[in-house]
Structure formats: structure tokens, C-alpha cells
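Written out below as C-alpha cells is the structure these notes cover.
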Amino acid sequence: MRFILNTMLSKEIRVRFAPSPTGPLHIGGVRTALYNYLFARKYGGKMILRIEDTDQNRFVKGAEEYIFESLSWCGIQFDEGVNEGGPFAPYRQSDRKSIYHRYAMQLIESGNSYYAFDTPDELDAMRKKLESEKALNTSYSSVSRLTMRNSLTLSKQEVDAKLNSGANYVIRFKTPENEDIQFTDIIRGEITVRSSALDDKVLFKSDGMPTYHLANVVDDYFMKISHVIRGEEWLPSLALHVLLYRAFGWGDEMPKFAHLPLILKPDGKGKLSKRDGDRLGFPVFPIEWISPENSEVSSGFRESGYFPEAFVNILAFLGWNPGTEQEMFSMDGLIASFSLERVGKSGARFDPDKAKWYNHQYLIQKDDSDLLEDFRSILSGKGIQETDDRIAKIIGLVKERSNFVKDFWEQSYFFFERPGSYDSQMIKKIWKENTSEIMNSFEKRLRNQDDFDVVHLDAMIKEFTEEQQIVMGQVMTPMRLALVGAAMGPGVTTIMELIGKDEVLKRINRMLEFIKTN
RNA sequence: GGCCCUAUCGUCUAGUGGUUAGGACACCAGGUUUUCAUCCUGGCAACCGGGGUUCGACUCCCCGUAGGGUCACCA
């Protein structure tokens, strides 16, 4: 027991989220960040944000800021990172440029990598040739490298001459020829890959920057990352990464790996993309993104009206579940319950309906006063000014029939303005030949009604229907039509109380006029 | 195509050799609500196929099939 405790304590949990600032962060990326965060918090570890911007060509202005803002909106916080600083700064790979060359060189010296001088055309020709020969491995590999221009085939003099003349070169990993590479993934278990299936990946590019593979391994090692939790798309390169750790002599300190399943599109095949969101009408990004290149807008969950806590809850359940029947989880609840062992192996389709349901749950459990500001700004946009008290009251009446704050208006417009039209289906159904007569006498009766609140109105209407020998519906339904214009909304007397006697009388007469002239 | 991963209701999933295969979303029906929504009750609906292993497989193994990922001087 003591031993177990010690080994657990001996290595601090340190995880990182390492996005590339090439555009908006897809919800799959946000979920990866979330799982890392939950894992770190659960075990009292550190959460690190590292920016992987080793591809200068793909740099997109504003993408970094977008990432910060998105994660911050979700409530995902970092202990170390580009903004937070930390003992292993800098945390932006472009600022760590000088480190990588050194380790690429170390690999050359140890015989684990080599210089290659092939031009893109030559690489292309090689691939075509191998394909035409129906070769098993058509890539730059342990067999094809011997036919190419590199420090394995060229003499030392030739190589030095090229290097000194400033010729373009890359550094490639010298993949072992025939070796079974075995490793463990926390989510998937034991995996074995034959090294002959691998290619000699470029580790260091001719522009002086490392590729992902090199930078990632070097940084994770020096930043003392204990667990690499990332998307499944990285699984195929895990064998290479394992080989790299070993080549550096860091095999014993290699982090543990967990590859998360992908988020799939709601219908059809494949992983979720921006196009699916546009096509099916739901966001695929946490917050709105406007492309600096073509001004194209990608809608965000935030702008669509999702609460961050709902969004986080939705994301957490896409691939993970607590094993109980509880579905509503706050961030703290998630931290307490989360474990990588309960992350599923298969891809999860995003379900927009369930996402709405989640938001609805959060909406109805919020206090009316917490929703007030959001709704007031919608009302202000329509030129409507109201007291806090009245807005809160109306919110209380309509939130159960809404999924988002933005739904409030269409559920409550009749509190602020007269109905713009009357549901013709409903008129046909409920407006009998004596209805206008009933409404006329009800209108007269209403004029003498001084206590205009639900309790008194209910009593009055009951009395009225008894007098007239009619049923409730014969006055309530036409009243609803007059007040709302449709078969929806809170109780009729509740609406009456809130809009007041004068307005109620006006709406009744307007309705009667409409019936007469149509 | 090579390599790797995956496979329970339409969707998200529980399930770790013996269960009437459970829950949630969606859908349908009934009830409550004078309406709509909420809510309550009920219903529909699943172990990809074939072989093994076993007294017994959704569960373990193998082979198919299907889906996904990946094969860049991108991450």
C-alpha cells in the first residue's frame, strides 16, 4: 500500500493541451482539452497549454486568441502556458526553435537519424516508381532510403559539401528495419506495430523548424508530461513517438498515452466537420469564428445560446460516462467522477437534439434573475423597456417551454405587443356562432372587474360561466386567441393579470372586430 | 491499397460468462394542463455475420463484414 502510494506520488500528474493555431478550435479539440483538464484536476496535477506553431505557412491570425477565449468560456483553466508562464517557459514552439535542432543533431550523432537532400520532385518520382512496382511500402523507408540522396548513401565528403554550401536538407528518422514495437494505450490496451510498416518521417524541416513529431516528443519530455491525452488521429504515429523516446534514451520516462475516440457527424459517415454544422443547423465550434481570409462565419455554441456549463456537460458525455444514470454534471462533478478508464473506444456521433435538451435542463434550473440580463438585451433590441421585476416574472412563465434564452421572445411576445395575426386553424376550430356573443358579454363583465389578478379573475370567470351556463373552454379559448393569437402560452388569467385590464379589453375588441370583418 | 483502431436500440450509452439486455435523447400513445410547453405513465426499438472456447456467450478467441483514422518538409 505504501509502495503504491509512493509510486503514485513520485510522478506528478502533468498533462498538456497542445493545439495548433491554424484556425478555430473544433469541438473535438475542446473535448480533448476538457478531458485533459478533468484528469489534471482530478489527480491534483498540472494543466499546461502549449502552442504548436511549427508550421509557419499555416499560421492563422487570431487563432491563438480564439483558442484562449474558447477554453476560458468553457471554464478550462491552465496552470502553465503561453499566458500563464511557468517553469518550462517558453510554451510556444516557435519560441523554442533553438532547442529542436540540438536534439535532431543528437539523433544524427547516435545514428538514429540522417540528413536527406531529396527534392520534392525526387520524392514524387520515388513514390510513383514504388507504386508501379506494387511495393508493400511506398514511402521513404528502410528500403527506399538506400536509393535516395541522403547521408546514408552519400559519402561524408559529399554530405559535408552540401551542408556547407547551404543546400536544403531535412533530417529524417532512421526507422529500425524489422522490429515489433509494443506499447500500451490507456484506452485501447496493448498495440503492436511492425517497424517495417513505418516510414522515415521528417523530424526537422528545411526551413529550420521541427515537425510535430520531434517537437512534441522533445517538449513533452522536458515539460515532464506524465500523460498524453489526445485525439485518435495520432494513434498511427504513436509507434514513431515511442521509437523517438527510445532513441533519445528517454524510454523509461516516456509519458503514458490515451487516444480519445473521434466525434462523428450526426448522420452519414465520417468525422464531424464545419459543413455538417452548416448543413444541419448547429454549431461545430465553441464560439463564433470569422475567417480573417474570406470573412466566412463559423457559428459558435456560445452565440447560439448554449450555456458554457451545458456545453461542457454535452462534450464530457461524448465518449465518456460515469457508469451511473446521472447525466447532469457540473465541472466540479465531472472532475470528481472522471476517469480515463471510462472513456469509450468508439467514435461518438454528435446529437444536436440531445445538445438542446441539455441546454434546456440548465435553462430551467437557473434562477429567473440570472436570465434577466440576457433577455433584457433581446427586448432592448426590439425597443422594449421593462422593469426587472416584470421581465423576471415573464421569464419564469416561459423558460420551461424554451431551450435557449433566445426562444423567450417567441414564447412571450404577447406580453409586450398585440398578436400580429390570429391562428386561422384555431379560429375555425373554436369560434362557434355564439362565441362572439359570449365574448361581448364577457367584455362587458370585465369592464366592471377591478381586482385584476389571477385569483379574482379565475373566480370571476367561474362565476361568469355558471351564469351563462357554458363551460370554461368557451371563454378561455377565445380569450387566449384574442390575447395571444395562438394556442400557446401560460394560463389565460396569468396573461390577463400581466398585461392589464385596458390592454385586455382592447385585445378582445380587436379580436371581435377581426371576426366580424373576416 | 498498406498499417492501426472500432462495432449493444435511429443517437449517446450501461453491461466485463448465467440479466425479462438497463438508462437518456428522439419518436409514438395515454394522463395532467381550458391551449402550448413542462410533468407523470406506458410503448416502439439493439447485442454486425460466421466459426470456435465453454455446461452456458452481448461478454473470451479467430475469420469475415462494416465504419473510422492514418499514410506531407500539416498538426
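B/A75 atom P lies 9 Å from atom CD of A/Q93, rounded to whole Å. Rounded to a whole Å, the NZ atom of A/K354 is 4 Å from the C1' atom of B/A24. A/Y115 places its OH atom 19 Å from the P atom of B/C73, with the value rounded to the nearest Å. Counting to the nearest Å, the C1' atom of B/C71 and the NE2 atom of A/H213 are 10 Å from each other. For the pair A/F317 CZ and B/U11 C1', the interatomic distance rounds to 15 Å; values are reported in whole Å. One can place CG of A/D353 at 10 Å from C1' of B/C27, the figure rounded to the nearest angstrom. For the pair A/L198 CG and B/A72 P, the computed distance is 12 Å after rounding to whole Å. Nucleotide B/A75 holds its P atom 11 Å from the CG atom of A/L214, rounded to whole Å.
The aromatic rings of A/Y169 and A/Y115 lie perpendicular to each other, with more than 60° between the two planes, well past the 30° mark.
Set against B/G68, B/C12, B/U13, the side chain of A/L262 has B/G68 as its closest nucleotide. Checking B/C25, B/C5, B/U38 against every side-chain atom of A/R188, the shortest atom distance belongs to B/C5. Taking every side-chain heavy atom of A/V492 into account, B/U34 is the closest of B/G69, B/U34, B/A75. Side-chain atoms of A/R127 lie closest to B/A72 of the nucleotides B/A72, B/C73, B/A37. Taking every side-chain heavy atom of A/I191 into account, B/C5 is the closest of B/C73, B/U38, B/C5. Set against B/C74, B/C12, B/U6, the side chain of A/A348 has B/C12 as its closest nucleotide. Closest to the side chain of A/R349, from the set B/C73, B/U11, B/C4, is B/U11. Of the listed nucleotides (B/G69, B/A75, B/C73), B/A75 has the atom at the smallest distance from the side chain of A/S20. Nearest to the side chain of A/K201, among B/U11, B/U6, B/C71, sits B/C71. The A/R58 side chain lies nearest to B/A75 when the options are B/A75, B/U70, B/C5.
The pairing partner recorded for B/A29 is B/U41, the criterion being a Watson-Crick or G-U wobble arrangement whose two distances lie under 3.5 angstrom. In this structure, B/U54 makes no Watson-Crick or G-U wobble pair, since no nucleotide meets both defining distances under 3.5 angstrom. With a cut-off of 3.5 Å on both pairing distances, B/U16 has no Watson-Crick or G-U wobble partner at all. Taking a pair to require two hydrogen-bonding distances under 3.5 Å in either a Watson-Crick or a G-U wobble arrangement, B/C71 pairs with B/G1. B/A7 and B/U65 make up a base pair, with Watson-Crick or G-U wobble contacts both under 3.5 Å. When both pairing distances are held under 3.5 Å, B/U59 makes no Watson-Crick or G-U pair with any nucleotide shown.
Across all strands, A/V170 comes closer than 4.0 Å to base atoms (heavy-atom distances). Heavy atoms of A/G319 sit under 4.0 angstrom from primed sugar atoms or phosphate atoms, though from no base atom. Across all strands, A/R480 comes closer than 4.0 Å to base atoms (heavy-atom distances). Residue-level contact check: A/R194 touches neither bases nor backbone, having no heavy atom under 4.0 Å from any strand. Heavy atoms of A/P490 sit under 4.0 angstrom from at least one base atom. Among the heavy atoms of the strands lying under 4.0 Å from A/T477 is at least one base atom, whether or not backbone atoms are also near. At a threshold of 4.0 angstrom between heavy atoms, the contacts of A/T22 with the nucleic acid are absent. Among the atoms of the strands shown, none is found under 4.0 Å from any heavy atom of A/L481. Residue-level contact check: A/D118 touches the bases, meaning some heavy atom is under 4.0 Å from a base atom.
Contact of the A/M439 side chain with the A/M511 side chain is not registered, since no non-hydrogen atoms from C-beta on lie closer than 4.5 Å. Using a 4.5 Å cut-off on side-chain heavy atoms (C-beta onward), A/I187 and A/H259 make no contact. The side-chain heavy atoms of A/I314 and A/F350, taken from C-beta on, include a pair separated by under 4.5 Å.
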Next item on the list: Step by step, work out the ring pair (Phe, Tyr, Trp, His ring centres under 6.0 Å) result for A/F375 and A/F408.
Entry: CA-CA 7 Å; A/F375 189 37; A/F408 286 175; 5.3 Å; yes
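In terms of modelled atom types and a separation under 3.5 Å, the side chain of A/T465 and the main chain of A/M472 share no donor-acceptor contact.
Rounded to the nearest Å, the gap between the P atom of B/C9 and that of B/U13 is 11 Å. If you take atom C1' in B/U41 and the same atom in B/A7, they sit 35 Å apart, rounded to whole Å. Across B/G2 and B/C63, the matching P atoms stand 15 Å from one another, rounded to whole Å. When the C1' atom is compared between B/U65 and B/A72, the two are found 32 Å apart, to the nearest whole Å. Nucleotides B/C47 and B/G15 have their C1' atoms positioned 11 Å apart, rounded to a whole Å. Of the P atoms belonging to B/C73 and B/U53, the separation is 50 Å, rounded to the nearest Å. Nucleotides B/U59 and B/U6, compared at atom P, are 16 Å apart to the nearest Å. Here the separation of B/C60 from B/U8, taken at their P atoms, is 13 Å to the nearest Å.
Taking side-chain N and O atoms only, A/N137 has no distance below 4.0 Å to OP1 or OP2 of B/G2. Distances shown here put a side-chain N or O of A/T54 below 4.0 Å from the OP1 or OP2 atom of B/A75. OP1 or OP2 of B/U70 sits under 4.0 Å from a side-chain N or O of A/K271. Taking only side-chain nitrogens and oxygens, A/R342 never comes nearer than 4.0 Å to OP1 or OP2 of B/U13. The side chain of A/K205 contributes no N or O atom lying less than 4.0 Å from OP1 or OP2 of B/A72.
A/K354 has no carboxylate O lying under 4.0 Å from a charged side-chain N of A/D351, or vice versa, which leaves the two without a salt bridge. Under 4.0 Å is where a charged nitrogen must lie from a carboxylate oxygen, and between A/R507 and A/E443 no such pair does.
Mapping A/Q361 and A/D207 onto RNA chain B by nearest heavy atom places A/Q361 closer to the 5' end of the strand. Sequence order on RNA chain B of the closest nucleotides to A/S402 and A/S237 puts A/S402 first from the 5' end.
Paired with A/Y422 under the rule ring pair (Phe, Tyr, Trp, His ring centres under 6.0 Å), one option of A/W431, A/F414, A/F514 passes, and it is A/F514.
The heavy-atom pair separating A/S144 from A/L130 by the smallest distance is CB-CD1, 4.0 Å.
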